[in-house]
Amino acid sequence: MMEKIVCESYEEACCTAADFFAQQLKRKPDSVLGLATGSTPIGLYEEFVSRYQAGEMDFSRARAFNLDEYHPIEATHPQSYKTFMDEHLFSKVNFAQTRIPNGEAPDPNIECAKYSADLEAAGGLDMLLLGIGHNGHVGFNEPASSYPLEAYKVDLTGETLEANSRFFGENEIQPITALTMGIGQIFAAKHILLLICGASKVEITKKLFEGKLHTDIPACFLLLHPNVTLVIDRAANGG
Ligand code: F6R
């Protein structure tokens with residue numbers, strides 16, 4: 001069952017999503033949280049930081065698993081997801097533990113197996129934040145004819161490369177492959193918080209909720225998940 005909450009603005013959507021995470025941490029302080037990068041969660045992470053500073057959220061027993069990371073990429077590269085998470089969240093709140101697929105790992109397959117083992121040892125995800133790509137990707141699970149259940153190395157599609165090229169400078173090399181959590185691991189999250197914001201997401205949102213399971217839209221698997229909360233702003237919802 002998907003609960004849908006339509007918010008007036010991006011800011012309201014971020015506050016609403018933050019409320020869910022705050023309640024989750026109150027209920028279970030040692031929650032395992034799945035986290036995303038990209039433009040959408042920036043406002044949500046700002047909420048996390050201000051609530052943490054106000055003493056309203058405590059991450060000291062929580063563990064974070066990020067969905068994905070470019071590969072190969074240096075951890076200190078300005079566009080690595082490690083840098084993104086450090087800048088927006090990890091350096092500002094008090095997570096007990098954080099885990100991002102290692103973009104520097106010499107063997108991506110070994111790193112994916114390690115990442116999957118770490119996630120399993122943590123007991124899987126209690127709450128997972130997801131954004132959606134314009135092509136329907138979740139994490140970096142790109143449209144394909146089959147989807148690995150566990151973490152894997154993926155070739156990014158032209159569409160994703162173009163969407164993310166805005167972050168890379170003209171002379172910077174943009175990685176064309178990435179490591180991502182698999183669809184099975186995403187699906188195993190006890191509660192998924194899907195945050196969709198901005199007018200550029202109108203088309204994919206329409207397609208996602210058309211009432212069909214499109215196998216070339218990875219996010220469609222979420223339609224079958226028993227506990228998804230969609231938090232969407234009016235712009236993405238079509239006004
Ligand atoms: C990033 C991730 C991606 C993004 C998606 C939307 O960790 O998992 O699936 O959620 O590309 O990105 P934005 O929010 O930039 O539109």
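Being a predicted model, the structure only gives us computed values, none of them experimental. We count ligands from 1, going down the list as the structure has it; atoms in each ligand are counted the same way.
When side chains are defined from C-beta on, Leu25 counts as touching Leu33, because their heavy atoms get closer than 4.5 Å.
Closest approach of Asp118 and Phe65 over heavy atoms only: O-CZ, 3.6 Å.
Using a 4.0 Å cut-off between charged nitrogen and carboxylate oxygen, Glu120 and Arg99 do not count as a salt-bridge pair.
Around ligand 1, the residues contributing at least one heavy atom under 4.0 Å from the ligand are Ala36, Thr37, Gly38, Ser39, Thr40, Leu67, Asp68, Gly131, Ile132, Gly133, His137, Gly139, Arg166, Lys201.
Leu130 CG to Thr40 OG1: the interatomic distance, rounded to the nearest 0.5 Å, is 11.0 Å.
His77 and Thr83 are not linked by any side-chain donor-acceptor pair at a separation below 3.5 angstrom, with hydrogens and angles left out of the test.
Alongside Val154, the hydrophobic cluster contains Tyr70, Ile73, Tyr81, Phe140, Tyr152, Leu156, Leu161, Phe167, Phe168, Ile176 (criterion: ILVMFWY side chains under 4.5 Å).
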